[in-house]
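A short write-up of the structure that comes next.
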2 protein chains.
Amino acid sequence: MLSDVMEDYLKAIYTLQMEQGPPVSTSDIAEYLGKTPPTVTSMVGKLEDRGLVDREKYKGVELTTEGETVALEVLRHHRLLEAYLTEHLDYSWSEVHDEADALEHHISEEFEKRVAAALGEPEVDPHGDPIPSADLTPPDSSGLSVLSDCEVGDHLVVARVSDRDPAELEYLSEAGVTPGTTIEVTDIAPFGMVTVRVGDGGREQSLPESVARTIRVRPPDEPDSEEVSPA
Amino acid sequence: MLSDVMEDYLKAIYTLQMEQGPPVSTSDIAEYLGKTPPTVTSMVGKLEDRGLVDREKYKGVELTTEGETVALEVLRHHRLLEAYLTEHLDYSWSEVHDEADALEHHISEEFEKRVAAALGEPEVDPHGDPIPSADLTPPDSSGLSVLSDCEVGDHLVVARVSDRDPAELEYLSEAGVTPGTTIEVTDIAPFGMVTVRVGDGGREQSLPESVARTIRVRPPDEPDSEEVSPA
DNA sequence: CTTTTACTTTAGACGCATCTAATCCGTGGT
DNA sequence: ACCACGGATTAGATGCGTCTAAAGTAAAAG
């Protein structure tokens with residue numbers, strides 16, 4: 001049996017691996033989880049003993065296949081819950097993350113099944129993050145770029161936004177920058193401030209670099225026309 | 001902040017107080033929670049330090065008003081969850097208890113509100129147990145008797161059944177003995193085996209004393225008819 | 001009134017997750 | 001090559017919740 005805490009570490013390592021690629025450093029995990037580095041070292045040792053991570057001392061850590069499977073299971077719970085809360089309990093985009101974090105370790109397989117069924121086996125959560133399938137094969141995230149890496153004139157579709165900061169989500173929701181929305185980059189100012197035109201003829205919206213960095217985008221569906229519609 | 005475990009103890013003490021009246025013994029709590037008596041002594045000491053229980057050494061323990069409020073909050077979560085799972089996620093009567101036990105400590109006040117709203121502010125859970133109101137005033141449970149204390153010829157309405165044993169619930173569900181059902185006691189055999197006629201002209205069903213002891217009944221709605229019940 | 005018995009509490013230990021303080025790599029700068 | 005500095009690990013302590021074994025108490029039985 002794995003503790004909630006271990007699951008949190010595995011989820012954190014998975015997320016950091018997605019963002020930066022392996023290996024993941026002790027201090028990055030510590031910062032992500034709000035723990036001190038010695039605490040992380042100690043926990044990572046236990047995860048290694050259980051075969052959930054591979055580790056090279058003083059270097060970093062990487063999930064084993066088994067560890068990744070656990071992380072995907074937790075992430076599936078998390079994202080199904082986010083979707084369910086949004087869809088059936090009238091939660092807004094920005095409220096679901098903390099609730100899902102609290103519940104994800106405590107739902108049964110049965111609950112997971114029923115929630116997935118009630119939602120019609122969804123493939124993405126409200127933030128655009130892919131929901132791992134029931135068989136826990138790693139979702140494919142290729143073909144996405146980070147908004148802050150794009151260039152003026154790019155026509156894009158918002159694929160995902162980070163679910164970690166409710167204030168940011170509130171802001172993006174106001175701005176109309178939600179998964180599936182078409183945007184055009186109209187300006188990139190100093191310090192990475194990105195200005196985009198939202199929707200087909202919509203308003204312009206400037207996003208600080210710290211926000212643009214957390215937004216993932218993909219090319220529009222029909223690459224040969226001017227502006228296209230989202231998925 | 002109270003730990004999950006402390007909440008479990010308070011809930012257990014509350015339940016035992018309802019069943020047996022205060023004070024509640026160390027060993028009863030231990031048995032109810034599946035812990036050893038020394039563990040309970042130790043935990044009860046901590047609850048006392050926090051002002052959640054009153055205790056007299058070697059005698060027993062009783063909830064303070066504050067402790068009772070916490071217990072009612074947890075119970076409200078538990079029973080709302082049971083109702084929600086049954087109503088909206090297609091759970092059966094016998095499956096909901098464990099799931100609710102796992103989730104009751106981890107839902108937010110917001111979640112509680114939305115679930116209650118989705119259900120239309122229900123007053124009882126699927127087992128007939130009263131759901132404490134949002135202001136956490138103690139529910140009134142007077143007017144109920146235990147089926148095993150009733151007599152042959154009594155006409156009764158099933159008010160509540162215990163939610164703790166899924167197998168028993170399965171059995172009662174089969175037997176048609178569910179909250180709201182009218183029954184008539186037709187026989188009481190040695191060792192407390194109670195036989196009842198279920199529904200108006202329905203079949204007869206024998207219930208072992210261990211089961212009859214967990215069923216709470218009330219008199220039928222019109223008290224001026226044939227037979228009425230004991231205290 | 002004494003003894004037995006059942007139950008409760010104290011004593012002492014353990015594993016988990018965490019921290020602070022101290023020590024230990026490894027690498028980039030000179 | 002050397003060394004300094006940033007990041008990682010070890011050392012050691014703490015609080016929680018749990019256990020077993022030993023000691024204590026209260027109430028029933030004699």
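Chain naming here is simple, since letters A, B, ... match the order of the sequence lines and numbering starts at 1 in each. Computed from a prediction, not measured in an experiment: that's the story for all the values here.
B/Met6 has its CE atom 13 Å from the P atom of D/dG15, to the nearest Å. Between the CZ atom of A/Arg50 and the P atom of C/dC16 there is a distance of 7 Å, given to the nearest Å. Regarding A/Leu47, its CG atom lies at a distance of 15 Å from the C1' atom of C/dT18, rounded to whole Å. Distance B/Leu2 CG to D/dG15 P: 18 Å, rounded to the nearest Å. Following rounding to the nearest Å, A/Met1 (CE) and D/dT18 (C1') show an atom-to-atom distance of 19 Å. Atom CE of A/Met43 is separated from atom P of D/dT9 by 14 Å (rounded to the nearest Å). D/dT18 atom C1' lies 14 Å from atom CG of B/Asp8, rounded to whole Å. Here D/dA8 presents its P atom at 9 Å from CD1 of A/Ile29, a figure rounded to the nearest Å.
OP1 or OP2 of C/dT18 has not a single side-chain nitrogen or oxygen of A/Thr39 nearer than 4.0 Å. For D/dG6, neither phosphate oxygen OP1 nor OP2 lies less than 4.0 angstrom from any side-chain nitrogen or oxygen of A/Ser27. Taking only side-chain nitrogens and oxygens, B/Lys57 never comes nearer than 4.0 Å to OP1 or OP2 of C/dT9. A/Thr36 has no side-chain polar atom (N or O) that falls below the 4.0 Å cut-off from OP1 or OP2 of C/dT20. Phosphate contact (OP1/OP2 of C/dT9, side-chain N/O of B/Ser42, threshold under 4.0 Å): absent. Between B/Tyr9 and D/dT18 there is a side-chain polar atom (N or O) within less than 4.0 angstrom of OP1 or OP2.
Side chain of A/Arg55, nearest nucleotide from D/dC16, C/dT18, D/dT9: D/dT9. Listed candidates were D/dA11, D/dA8, C/dA17. Nearest to the side chain of A/Pro38 is D/dA11. Side-chain proximity of A/Tyr58 to D/dA26, C/dC24, D/dT18: nearest is C/dC24. Of the listed nucleotides (C/dC19, C/dT27, C/dT9), C/dT9 has the atom at the smallest distance from the side chain of B/Pro37.
Looking at A/Tyr91, its side chain does come within 3.5 Å of a backbone N or O of B/Phe111 through a donor-acceptor pair. Proximity of a side-chain donor or acceptor of A/Glu99 to a complementary backbone N or O of B/Ser108 within less than 3.5 Å is detected. Put simply, the side chain of B/Arg76 gets close to the backbone of B/Pro132: a donor and an acceptor are under 3.5 Å apart.
Comparing A/Lys59 and A/Asp4, the nucleotide of DNA chain C nearest to each residue sits closer to the 5' end for A/Asp4.
Counted by atom type alone, B/His78 and B/Asp163 present one or more donor-acceptor pairs between their side chains at under 3.5 Å.
Nucleic acid contact for B/Thr41: base, since at least one base atom lies under 4.0 Å from a heavy atom of the residue.
Heavy-atom neighbours of A/Glu121 CD from other residues, nucleotides or ligands within 6.0 Å: above the threshold of 12.
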